[in-house]
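What you see is a predicted model, and the numbers here were worked out from it, not measured in a lab. FYI, side chains are in, hydrogens and waters are out, and symmetry mates aren't considered; it's all heavy atoms of this structure.
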Amino acid sequence: MPATRSSSIRRLATAWALACAACAVPALARQSEHDLIAELGRLSSGAIAGGEGSAGSDARADRAIEIRRALLARRGDDPRVPAWMIEQASALLERAGRDGSDLACLLGQPEERQRSVVEAAWREAAQLTESAEARSAEGADGTARGAFIRARALSLGASIAPAPADRLANARAAIAQVEETEGSAPGAESARRVVIAGACVQAAEALEASGAGGHAEAASFRRKAAELYRSVLDATTRGARSEWALRAEAAFGLVVASPDETRLRRHVAELAEIARREPFVTGPTRRADALLAVLCAGATARAELRVPGAERAVAPRLSGAVRAWLALLPRQDLALDEDARRAIVFRAVAALVPRDASFEDLPPEAALACGVEWSREPVGRPEALRILRQLSDRPDAGELASRALWERAVIMSASAAREDRMDAARALLRVAREWPRSGLAAQAAGAAPRLARTCLTRGASGAKSETDPAAAELYEQAVILAAEFSPALAEAELWRLERGRLKVESFRMDPARLSLPVLDGLLTGLERITEDEGLARDADALAVESIEMASSRAAAREDGAAPDHAAWDRVLGVARRAEAWAVVRAPALADRYRLVAGEAMLERSDPAARATFDDLSARLATLAAPDRLRVRLGLGRAQRASGEADRAFETLRDLVQELDRAARGPDRATRPAEYWSAWRTMLDILGEDNATGASGATPGSRAPAIRLAIRRLELIDPRFGGDAALRERVDSLRRMLGNGNPGAHEIERPEDSTSPLPSDAPDDGG
């Protein structure tokens, strides 16, 4: 049965005691016998009281043990030796009981460490008391005290002896030592009865375990033990508070000694009630003593495992014992935090349950305890993984399923096998997805992508490696989930950025995946990255790249033709979302996306385009040079669409004149696309004016100007800058005007001073 050393003071005391023991040999070797005896007298008269004692008294008691051991080795003929032997035996047994190891062996389920501590103590104490009795020069009182201590030691020996015969022999010897004596005080008498009762329990269990009959005698021993424990419990209820240890032991003993099922249940209920009162509950906070609570659970579990009265099946007995321990888990009244309680209970339950047990009849907590504890040993890990996997799918597991998945992930994450680590990452994803409100969800969401990332590459031929598609998909799922757990994760922004990077990477491979809703979700996630300046810059770069890809994808048609109305609808949607992003994250880019939106509106014949280009024209100087050209072109087109053809022509004529001037030089044919687009709109205006006289001119009067403009454009670039739409427009105008060729005077001198042609046309040799 695990001990509870939760107090930091107790831990310090233990460390101090060990340090004292380590220094004792050289220190004692240098001291004279006179000094040792004097120091022992001071220690014996100090505050070495019953009960747990303080840190200082524990250290003094340990020092006294070392001094007596040294004196017994030096002064074998001293008349005080028998007294020292009895004191030493008593001190050794008391030390074995500081953390409840003695009661764990007598009445509960001891751990191996506790067995070792008790075995060393009882053997040395038994030898000392036997030697003291043989050499005693004291009176009857000294002999009686030695017999009591020897009986206690023998009873402890009976509790841990592996063979039933040895257990029975030690138990009978313990009873014989003190059965005919009587204590000289109420406390001493209670202690004597407790020793006899404990030995009776050991004798009964030895007889039952031997399988050689003796059931009647065993039942007799149990009845006697129960009577003695009951008398002690009744006496200490009226006695001094200093007898709390005897009362506790008697209460535990009543449970263990119960001769039948009915009385077992009654005594368990009684023990539970006693545990809510003093001395189990002490201090101003009225918190229950953790050590006594643990001992109580061990005693109850031990009683459940024995079959009192009628036979019961193994599974119900085991279930009862397990539940006795599990009852500690929800208790908030113990001076133990949740982690300490869980560690104690899990160790105890795992020690109870056989490795081949079926967990169907056991509580889910038992399966979790065994899975956690058995996984600590390499040989137990396969069975632990099996149990945890089953528990994660049990309908009655509740939130324990998330703990089972977590523990399974912890085990598999340490594996060198990539498949095991991938399974661990999947288990963590289940924790976060299926139990998002559990205390483990955020941790699992943060750990899953880190673990999945270690599985991305797998060995290939030679020293190369390749990305595993399944691992890549798992990693992406983990990153997406981690990004959703903000602000629960400190690194949530990192996972949001990584999620965005993975999305953009997938868009590079398959642009068809980048629809407007997908872009909106991507930008929404990237917009939330604000705390870390470096991550924010990376997020903005990803956003710009995704916007550019989305714009290109939106305008594209599967047949390769020019964008249609639906395509421009998509472009407009992307541009507006991009503008909303830029206003918040990159204001310098906002006008660029407004320009894209305006161009899309022009293609859709949206009258709102005019206001957009008027707004952009007012801030023309703040734009980059290429964007300024697009704005001026767009403004001219918007003016024409709104019925202001003359104003549009002036706007576009200013643009092409400026570009003509800029193009003078060796590479005169170099003109930007905006130049040719502007001429296309201007020719449209001239053609409409020539056909209808829209500007007040006589129909057909613009024909010479149109022919002159076409001729000059052909001289600049016969391909019209590769603008297919312009080429189509020129061909259409020629068909409309016929095959007439203007004379030289028509080229050099337009019809009137209001000619729309640029006044500073390039020197093209015509």
Do the side chain of Arg342 and the main chain of Leu329 share a donor and acceptor less than 3.5 angstrom apart?
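Checked: no pair found.
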Backbone N or O of Thr454 within a donor-acceptor pair of the Arg421 side chain at under 3.5 Å?
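Yes, because the side chain of Arg421 sits within donor-acceptor range (under 3.5 Å) of the backbone of Thr454.
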Any carboxylate oxygen within less than 4.0 angstrom of a Lys/Arg side-chain nitrogen, looking at [X] and [Y]?
| X | Y | answer |
| --- | --- | --- |
| Glu338 | Arg331 | no |
| Glu527 | Arg577 | yes |
| Asp423 | Arg426 | yes |
| Arg403 | Glu407 | yes |

Mind checking what makes side chain to side chain contact (heavy atoms under 4.5 Å, CB included) contact with [X], not counting sequence neighbours?
| X | answer |
| --- | --- |
| Ala543 | Leu523, Leu526, Trp581 |
| Ala424 | Ala409, Met412, Ser413, Leu451 |
| Glu383 | Trp374, Arg386, Ile387 |

Could you check whether any side-chain heavy atom of [X] comes within less than 4.5 Å of a side-chain heavy atom of [Y], counting everything from C-beta outward?
| X | Y | answer |
| --- | --- | --- |
| Arg113 | Asp99 | yes |
| Arg430 | Trp435 | yes |
| Tyr475 | Cys455 | no |
| Leu254 | Arg263 | no |

Checking Arg450 now: which residues fulfil side-chain hydrogen bond (donor to acceptor under 3.5 Å, both in side chains) with it, not counting sequence neighbours?
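In terms of side-chain hydrogen bond (donor to acceptor under 3.5 Å, both in side chains), with neighbours along the sequence ignored, Arg450 is linked to Glu491.
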Please report the closest heavy-atom contact between Cys105 and Pro110, naming both atoms and the distance.
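So the minimum-distance heavy-atom pair works out to SG-CB, 3.7 Å.
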Atom of Arg222, atom of Ala204 and distance for their closest heavy-atom approach
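Where Arg222 meets Ala204 most closely, the heavy atoms are CG-CB, 3.7 Å.
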Please identify each residue that fulfils salt bridge (charged side-chain N to carboxylate O under 4.0 Å, His left out) with Arg501, with sequence neighbours left out.
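Scan of Arg501 (salt bridge (charged side-chain N to carboxylate O under 4.0 Å, His left out), adjacent residues dropped) gives Glu498, Glu505.
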Partners of Arg287 by salt bridge (charged side-chain N to carboxylate O under 4.0 Å, His left out), sequence neighbours excluded?
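Salt bridge (charged side-chain N to carboxylate O under 4.0 Å, His left out) list for Arg287, sorted by chain: empty.
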How about Arg323 and Ser319: does a side-chain donor come under 3.5 Å of a side-chain acceptor?
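Per modelled atom types, Arg323 and Ser319 side chains form a pair under 3.5 Å.
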